[in-house]
Each structure stands twice: as C-alpha cells, then as structure tokens.
Amino acid sequence: MQHHDSLPRRRFLLASSAVAGTGLLPAILRAQTAPAAITGDAARPLLAGLQSGDVLANSAIVWARASREARMRVEWSTTSNFAQSHWVRGPDLLPDTDGTGRVDLQGLPAGQDIFYRVLLDDLASANTRTPAVQGHFRTPLAAQGPATRPFRLVWSGDTVGQGYGINEAIGGMRIYDEMRKTNPDVFLHSGDTIYADGPIPETIALPDGNTWKNIVTPQVAKVAETLDEYRGRYRYNLLDRNVQALGSEVAQIWQWDDHEVTNNYSDSKSVANDPRYTDKNVQLLTARGRRAFFEYAPLRPYGAAEQQRLYRHLPQGPLADIFVIDMRSYRGPNSYNLQTSESAETDFLGRPQLEWLLAGLKASQATWKLIAADMPIGLFVPDGKDAAGRSLWEAVANGEHGVPKGRELEMARLLQGIKQAGIKNVVWLTADVHYTAAHHYSPERAQFQDFDPFWEFVSGPLNAGGFGPNEADKTFGLDVVFHKAPPQANSAPSEGYQFFGQLDIDHRSQALTVVLKDLKGASLYSKTLEPQRA
C-alpha cells in the first residue's frame with residue numbers, strides 16, 4: 001500500500017540523531033544514576049526523556065523529564081531547519097512529579113510534519129540552559145477536509161514483562177525500532193506499559209542454555225510498592241535506545257491495563273499471601289501506580305471533572321477516529337462472571353463510559369472507527385479460583401460458551417447498540433495475551449446474535465514473555481482466523497515471539513489493511529477490509 005515518506009522528516013532524523021545516537025541516551029543514563037547531582041559533566045539539568053502524544057489536527061502533547069529542577073521550553077516549526085519557529089514556555093519540572101511535565105501545543109497546522117526542540121532552563125542558575133533536544137510528530141488531517149494522504153498506525157502492548165528487561169547483547173528492545181522504521185503516523189501502546197509486579201533480575205537462564213542479561217536499576221529489582229519504585233519502572237524503559245528513538249520520532253497513544261499496578265487487579269485483588277509485598281494495601285498500590293502512569297504517559301489530561309480519566313476520543317482526520325477505552329478503572333471485582341443480570345458487580349467499562357463510547361461512535365463522520373481496547377473480547381483469561389472453587393475471570397469471557405452472562409451482558413449491550421444505530425466500519429485493536437491473532441466475530445456462529453459482524457486484531461508482547469494461544473469463547477461467535485504463539489509458555493523475547501500490528505488506510509479507496517508482524521518486521525498475516533456504506 002502506498003504510504004507517505006516525508007523527505008524533510010527523513011533528512012531531519014538523519015541530521016539530528018537526537019536520541020537514537022549520542023544525544024539523549026547519555027543524559028538519561030546520568031540522570032538515572034545521579035538524579036540530583038551536579039558534576040563536572042553535568043553542571044546543568046539533563047533532559048532524561050522526550051515524547052509526544054495525543055496528537056490532534058491542531059494540537060499535541062510534548063512530554064519531557066528533567067534530571068533536576070528546571071523549566072521546560074518548547075520550540076516548534078513546520079520545517080526541520082526551524083527557519084520560522086514558535087516558542088512556548090512550559091511548566092517547572094520539579095521533584096513532586098519526578099521531574100516530568102508536558103506542554104499542550106496549540107494552533108498547529110493540520111496534516112503537517114512538526115519538528116520541535118525541548119530545552120531546560122536551570123532553576124538554580126538563571127544563566128544555565130541545556131542544549132536543545134529535537135523531536136518530531138505528524139498532525140492528522142482536518143476531520144472535515146478531504147483525505148489527501150494515507151493513514152498508518154502501529155500498535156502492540158506488554159513492555160518488559162516476566163523479568164525480561166533491557167538486554168543490550170541483543171540490541172535492547174528491537175521491536176520498538178521495527179515499529180519506528182514503518183514510519184507510522186501514530187504508535188498505540190495497548191496497555192501494560194510497565195510490569196510493576198515483575199522483578200527484573202541480572203540474568204535469566206534460558207532453556208537453550210544461553211543466558212539473558214538485563215540492565216538493572218534499584219527500582220526494578222523488586223516488585224513496585226513505593227511511588228519511587230513505580231516511577232522507576234518508567235524511567236527504566238526510557239533507558240532503551242529503541243524506546244527513546246520511537247518516542248522522539250512518532251506520536252504515541254497510551255492506555256493501561258493491570259501491570260501498571262499489579263497482576264489482574266480489581267476490587268477483589270489481594271496480595272495478602274504474596275510474600276514479595278510488604279505493603280498489602282492494594283488500593284494504595286493502585287493509587288501510586290496510577291500517579292506514576294499519569295506522570296509518565298504523554299497524554300492530555302482530561303480536566304478537573306475527572307483528572308484521572310483515561311478513556312478519550314482522538315480524531316485522526318477523515319479516515320479514522322480512535323476511541324481509547326479503559327477496561328480497568330471502572331470494572332467490578334473479578335468474579336465467577338456468570339451473573340444473569342447487570343449490576344455493579346458485572347461492570348467492565350461501566351455505564352458512563354459505555355454511553356460515551358456509543359455516543360461517540362454514532363457522531364463519528366470518519367470512515368473507520370477504531371476501538372483501542374486493552375483486552376480482547378472473546379478469549380478466556382482466567383484469574384484463579386474463589387473460596388468456593390469457582391473459576392474467576394479477568395476479561396469479558398466467562399468460559400461457558402453460552403448466552404451472555406456476567407460481564408458479557410455489558411458487551412452484548414454495546415454490540416447491540418452499535419447495530420441498532422447503524423454504525424459501520426468498527427474495528428477493535430488490542431493486546432494483553434502475549435501473542436498475535438486475527439479474530440472475526442459473527443452472529444451466525446454466536447449464542448447472542450443481535451450484532452453486526454466485526455474484526456478484532458491482537459498483537460504483543462513488546463519485550464516480554466510469549467504465551468498463548470488462549471481458548472476462544474463462542475458467546476459472540478469468535479472465529480480465530482489466524483494466530484501465532486510460542487510452542488512453550490513464557491518464551492524469551494530472543495526466541496522471536498514478539499509481535500506488533502500495522503494498520504493502513506488508503507486515502508483513495510479508503511480500504512483498511514491490517515498486517516500482523518514479528519520481531520524482525522516480517523509480515524505474518526494480512527487482511528484488507530473494504531469500507532461499508534451506511
């Protein structure tokens with residue numbers, strides 16, 4: 001499929017090498033090891049992270065982290081030589097946010113490559129300033145205008161899980177570089193941006209006799225409990241050159257799942273019998289994990305009405321609307337999931353979010369409606385057993401294959417509402433299960449039949465253990481058209497079972513093509529969908 005390849009952007013990236021080469025990495029390493037020190041080679045604050053996110057046609061978030069107290073400034077331009085530029089004064093980056101902060105750039109031109117530079121003013125010295133570090137993103141076309149270029153998105157999830165951290169012997173998190181090389185408009189991180197509950201050891205013995213060797217920092221050597229340990233997980237990921245390069249070159253969309261706090265957490269979660277935790281208060285752990293996520297995610301805060309709201313609508317021009325949903329914050333407790341009527345116990349999205357999603361889908365004028373979900377709809381994802389010996393469930397499916405019950409009731413209502421409103425061209429993108437798959441849902445195969453057929457595509461992990469495949473639930477007629485998973489559970493990233501998805505929409509035909517790719521960027525499966533007309 002034809003895709004734009006911005007020549008100014010390529011020249012800019014080759015000339016600057018701001019992060020992939022020698023620019024940002026040394027600064028990050030020094031900031032990690034001595035966050036408040038002033039030494040001979042660091043007599044000023046260091047830029048210890050740079051990202052952009054939640055980019056809209058006329059606005060974008062630029063995120064940065066400073067090694068010590070500083071004021072953030074951003075310069076942006078539509079040309080890589082910054083011949084005509086605009087300066088924006090940013091926030092003070094202070095210890096109470098771990099040195100992180102963001103600027104919401106406004107008044108950007110739609111459908112344009114934007115080049116930006118971030119520098120830091122030293123708050124301890126009025127005459128000290130860091131050298132500028134450069135970045136790039138691309139704004140979407142105006143939603144009401146013509147589709148004059150194609151759209152490309154890459155997505156995946158599950159970063160640094162099961163103890164597999166940054167292994168420099170294999171080039172670090174190479175899958176991030178493969179995603180970057182596709183030159184996407186946006187990277188969607190579908191959750192599990194960190195593994196707060198997964199200690200990272202110095203070495204892991206592999207089944208083939210080799211040894212996996214990790215970079216280790218104090219904050220990642222144990223499960224995260226303190227706020228600094230949660231923050232340290234995000235700081236750790238930013239040590240990887242591939243993560244840095246993608247973050248500085250490509251706009252991101254972040255969502256979360258469970259490992260931002262601890263595995264499979266909900267209102268029923270307990271770590272009372274987990275000896276790794278000295279702090280047994282899951283609600284307090286959740287608050288700390290949530291705080292760290294919002295400090296480090298390059299997203300636009302919702303506002304005073306609900307400061308920690310994550311679900312949001314991000315228009316990507318006339319070809320696509322992205323609806324980022326939150327399957328974690330509003331769910332009821334993980335239960336046996338077989339209730340026959342809806343209640344707070346069966347909530348998964350929760351009524352306000354579900355109504356918001358339906359209203360947004362109805363109002364959308366984009367050709368394709370992309371639902372970014374952190375968990376698949378129809379796969380079995382178990383969560384142990386309760387005191388009565390009943391199976392508990394982490395996701396929507398309840399392992400029964402029958403008519404909707406439990407959390408499936410809410411999903412049935414959503415799918416029914418999409419059909420009744422005549423909403424076309426809805427595609428689901430997700431991760432979580434640590435393998436890649438293409439799922440087709442159809443009422444012809446389902447126990448619940450009042451919905452229109454749709455596709456769900458799954459990819460991941462990103463530098464974590466490979467698992468799967470999971471059993472498919474038949475309630476909504478799930479057909480696993482394609483999947484690829486490792487032959488044994490918890491395969492090391494070096495075995496190659498790491499995956500991401502690439503989604504392209506052609507601006508002429510408006511056809512949508514999904515390609516599922518592996519660690520080397522090789523195509524495993526491709527599906528082209530023609531748009532349906534209302």
Side-chain angles (χ1 to χ4, degrees), residues 257-258 264 266-269 325-328 330-351 353-355 357-358 361 371 373-421 423 426-435 437-458 467-483 485:
D257 192 29
D258 56 333
N264 291 359
S266 70
D267 285 346
S268 62
K269 180 70 177 183
I325 62 174
D326 180 357
M327 293 174 153
R328 184 62 52 179
Y330 309 99
R331 65 167 61 195
N334 288 355
S335 73
Y336 65 104
N337 205 22
L338 293 172
Q339 299 89 343
T340 57
S341 61
E342 288 190 72
S343 67
E345 191 177 35
T346 65
D347 279 349
F348 199 58
L349 299 179
R351 185 172 293 274
Q353 183 179 189
L354 189 145
E355 292 176 351
L357 178 57
L358 270 176
L361 292 169
I371 299 179
D374 41 302
M375 302 194 76
I377 297 170
L379 294 180
F380 290 7
V381 185
D383 187 27
K385 295 183 181 293
D386 65 11
R390 298 176 299 186
S391 294
L392 302 177
W393 297 97
E394 158 73 350
V396 176
N398 57 26
E400 196 181 61
H401 299 294
V403 298
K405 294 180 181 177
R407 292 169 175 168
E408 294 173 339
L409 294 166
E410 185 186 77
M411 185 58 61
R413 184 155 53 88
L414 172 61
L415 298 178
Q416 182 184 57
I418 291 173
K419 176 186 175 180
Q420 290 177 348
I423 301 165
V426 177
V427 174
W428 292 68
L429 306 176
T430 188
D432 181 66
V433 288
H434 293 230
Y435 67 96
H439 296 160
H440 186 252
Y441 295 81
S442 175
E444 296 176 353
R445 299 183 297 266
Q447 293 298 312
F448 174 80
Q449 298 179 326
D450 193 11
F451 70 98
D452 290 329
F454 65 94
W455 285 86
E456 173 188 69
F457 297 97
V458 185
F467 291 89
N470 293 34
E471 187 175 350
D473 191 286
K474 302 302 182 184
T475 296
F476 301 111
L478 168 56
D479 178 30
V480 180
V481 178
F482 170 84
H483 80 268

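As the structure is a prediction and not an experimental result, all values here were calculated from the model. Throughout, numbering of the chain's residues begins at 1 and tracks the sequence.
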What heavy-atom pair brings [X] and [Y] nearest, and what distance separates the two atoms?
X	Y	answer
V381	M375	CG1-CE, 4.1 Å
A472	H401	O-CE1, 3.1 Å
H483	P469	NE2-CG, 3.6 Å
T346	E342	OG1-CA, 3.4 Å
D326	L349	O-CD2, 3.8 Å
A438	W455	CB-CZ3, 4.2 Å

Worksheet item: When the ring planes of F476 and F448 are compared, do they come out parallel, tilted or perpendicular, using 30° and 60° as the limits?
Response: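 It falls in the perpendicular class, over 60°.
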Would you give the length of the straight line joining atom [atom1] of [X] to atom [atom2] of [Y], rounded to the nearest 0.5 angstrom?
X	Y	atom1	atom2	answer
D479	H440	CG	NE2	8.0 Å
R445	K474	CZ	NZ	8.0 Å
L409	L414	CG	CG	13.0 Å
F467	D432	CZ	CG	11.5 Å
S335	D267	OG	CG	11.5 Å
Q416	D450	CD	CG	4.5 Å

Between [X] and [Y], is any pair of side-chain heavy atoms under 4.5 Å apart?
X	Y	value
T475	E400	no
V403	E408	no
I325	W428	yes

Fill in: CZ (R351) with more than 12 external heavy atoms under 6.0 Å
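Result for CZ/R351: open.
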Between the side chain of [X] and the main-chain N/O of [Y], is any donor-acceptor distance below 3.5 Å?
X	Y	value
Y336	G406	no
T430	A373	yes
R331	E394	yes
N398	N337	yes
N334	S266	no
D258	N264	yes
E410	D347	no

Practice prompt. Go through L379 and L478 one step at a time and tell me if the side chain to side chain contact (heavy atoms under 4.5 Å, CB included) criterion holds.
Written response: CA-CA 9 Å; L379 294 180; L478 168 56; 4.0 Å; yes
Practice prompt. Tell me whether the guanidinium CZ or amine NZ of R407 lies under 6.0 angstrom from the six-membered ring centre of F348 and within 45° of its axis.
Written response: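 That pair does not qualify as a cation-pi contact.
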Worksheet entry | Contacts of E456 that satisfy side chain to side chain donor-acceptor pair (under 3.5 Å) - sequence neighbours left out |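 H439, Y441.
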Worksheet entry | Test side chain to side chain contact (heavy atoms under 4.5 Å, CB included) applied to F454 and I418, I371, I377, the passing residue |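 Among the candidates, only I377 passes.
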